[in-house]
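Ligands are counted one by one from 1 in listed order, and the atoms in each one are counted from 1 as well. Computed from heavy atoms alone, side chains included, the values below leave out hydrogens, waters and symmetry copies. Positions are given from 1 along the sequence.
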Amino acid sequence: MVERDFIPKSYSKSMESGVFTWSSPSNIALVKYWGKKKNQIPENPSISFTLNNCKTITKLSFSKKENKNNFSFDVFLDGDKKDDFKPKIETFFERVEAYLPFLKDFYFKIETENSFPHSSGIASSASGMSALALCLMSIENELVGGDISDAFFIQKASFLARLGSGSACRSIEGDLVIWGEHDSVEGSSDLFGVKYPYKVHENFKNYQDTILLVDKGEKQVSSTVGHNLMHGHPFAEERFKQAKKSISEVKNILKTGDLDAFMALVESEALTLHAMMMTSVPYFILMKPNTLEIINKIWTFREKMDSKVCFTLDAGANVHVLYPENESENVLKFIKNELVAYCQNGHYICDVVGLGAKNIL
Ligand code: DP6
C-alpha cells in the first residue's frame with residue numbers, strides 16, 4: 001500500500017446528515033516510537049499492547065452545509081465545549097483532507113468522553129484520534145454505498161489516525177499492534193499499524209497494566225516537541241538502530257514466552273526513551289522522584305518474590321506496571337501496600353490488554 005491507495009475514487013451516495021459513535025482504547029508501547037520524519041512517518045518501528053479500560057468514546061454528528069470553503073466543527077468533552085481542542089483537530093483535518101474529500105461538505109459536532117480522568121496525565125490523543133478516524137471512516141463507508149471491506153476500513157482508519165497522532169494508529173485493533181516497516185514482520189508498514197501477525201505465547205494472554213498516576217499535570221513536553229528533539233540528537237541513529245533490533249528481539253520473546261527477556265527489553269526501552277530526553281538539546285527530566293521510588297520498589301519486590309512484574313514509561317512521570325495475569329493478586333496487594341503512597345492522591349488505574357476499537361450503535 002502507498003499513500004495514494006487511500007484516496008477514494010468517487011462517492012456514489014450522498015447524505016444530508018447522520019451520526020456515528022466509536023469507542024477506541026489507549027495503548028502502551030513496549031518498543032517506543034520516538035522520532036518522526038515528514039508526514040508522521042516514524043523513524044523506527046514500534047509495538048504496543050492495546051489497552052482495554054482506558055478509552056475514548058466519540059460521537060460524531062454531521063450535517064451538510066452550504067459553504068464548502070472551510071472546515072466547520074465544534075468539539076465537546078463531557079458535554080463542555082472545548083475550543084482549545086480545535087487547533088489539533090483543524091491540523092488533523094488538513095492532513096487527511098486529500099484522503100477524505102467530504103470533510104468540507106459537512107458541519108461536524110464531535111462529542112467525546114474518556115473513561116479516564118482528563119487530568120490524569122494519561123495521553124488521550126491515541127484513543128481520541130483513533131475514535132475520530134473511525135467515525136470518519138463510517139461516513140466514508142456510507143458514501144461509497146457500504147462497499148468498504150473490513151480489512152480496508154481498519155487499515156485506512158489506522159492510516160488516518162496516524163496523521164492525527166502517530167501512536168493512535170496502534171489503537172484500532174488488539175491485542176498487539178506493530179507500526180513501522182520491519183523486515184522480520186510481514187505486512188508491517190510506516191503508514192498504518194497492523195495487528196501483530198504471529199502466534200503469541202500464552203504467558204502474554206490478558207497481560208495486566210496498572211497505571212500509577214504519579215503526576216496528573218499537563219505534559220511538560222508535548223509529543224510534537226519531544227519527537228523534534230530527535231532531529232540532530234547525537235544518539236538518534238543508534239537509538240533508531242536499537243529500536244529495530246528490539247523489534248526482532250520482541251518477536252522471539254512473544255513466541256517463546258520468555259518473561260525475563262521481556263522485562264529486560266521493556267524496561268530498557270522505557271529508560272532509553274527517557275535517556276533520549278535527558279540528552280537532547282534542550283534536555284528534560286520527565287520522571288519525578290516518585291517515579292524512581294516506584295521503579296526501585298518494583299525491582300526489590302521482583303527480586304524478593306521471584307516475580308515477573310516490570311515497568312514501562314511514556315513521555316512523563318506516570319508508571320505502567322506490567323505483569324502476567326497469574327500474578328494479579330500478589331502484585332495488586334504490593335501496589336496497594338507499597339506503591340499507592342507515591343501516586344498523586346493515591347490514584348491508579350487497573351487495565352489489561354484489550355482487543356481494540358468498537359462501533360457503538
Ligand atoms: C512516548 O503519538 O503522542 O508515547 O505523533 O506527535 O502525536 P505524535 O506523538 P505521539 O507519541 C507517543 C510517544 C510515546 C511512545 C509510543 O507510544 O510509542
Legend entry - Ring-face cation of K308 near Y323 (centre distance under 6.0 Å, axis angle within 45°): no
Legend entry - Salt bridge present between R239 and E43 (N-O < 4.0 angstrom): no
Legend entry - Distance filter under 4.0 Å to A29 heavy atoms, resulting ligand 1 atoms: 16 (C), 17 (O), 18 (O)
Inset, instruction - Any atoms of ligand 1 less than 4.0 Å from a non-hydrogen atom of S223? List them with their elements. - result: 3 (O), 6 (O), 7 (O), 8 (P), 9 (O), 10 (P), 11 (O)
Legend entry - Residues D84, K86: salt bridge by 4.0 Å N-O rule: no
Inset, instruction - Please determine if K251 forms a cation-pi arrangement with Y198, meaning its NZ or CZ atom is less than 6.0 Å from the six-membered ring centre and no more than 45° off the ring axis. - result: yes
Legend entry - Pair W179 + F192: ring centers closer than 6.0 Å: no
Inset, instruction - Ignoring hydrogens, just give me the one of W179, F92, Y33 whose non-hydrogen atom is nearest atom 15 (C) of ligand 1. - result: Y33
Inset, instruction - Give the single entry among K32, H227, M277 that approaches atom 9 (O) of ligand 1 most closely by any heavy atom. - result: H227
Legend entry - Short N-O contact, K241 and E238, less than 4.0 angstrom: yes
Inset, instruction - May I ask you to list the atoms of ligand 1 that are less than 4.0 angstrom from any heavy atom of R170? - result: 16 (C), 17 (O), 18 (O)
Inset, instruction - Taking only heavy atoms of G166 into account, list the atoms of ligand 1 that are under 4.0 Å away from them. - result: 2 (O), 5 (O), 7 (O), 8 (P)
Inset, instruction - Can you sort out which atoms of ligand 1 are near K36, meaning under 4.0 Å from one of its heavy atoms? - result: 5 (O), 6 (O), 8 (P)
Inset, instruction - Compute the shortest N/O to N/O distance between N27 and ligand 1 and return yes if it is under 3.5 Å, no if not. - result: no
Inset, instruction - Compute the ring centroids of F159 and F152, then answer whether they are less than 6.0 Å apart. - result: no
Inset, instruction - Show which atoms of ligand 1 fall inside a sub-4.0 Å distance from at least one heavy-atom site of D314. - result: 4 (O)
Inset, instruction - May I ask you to check whether S46 has an N/O atom sitting below 3.5 Å from an N/O atom of ligand 1? - result: no
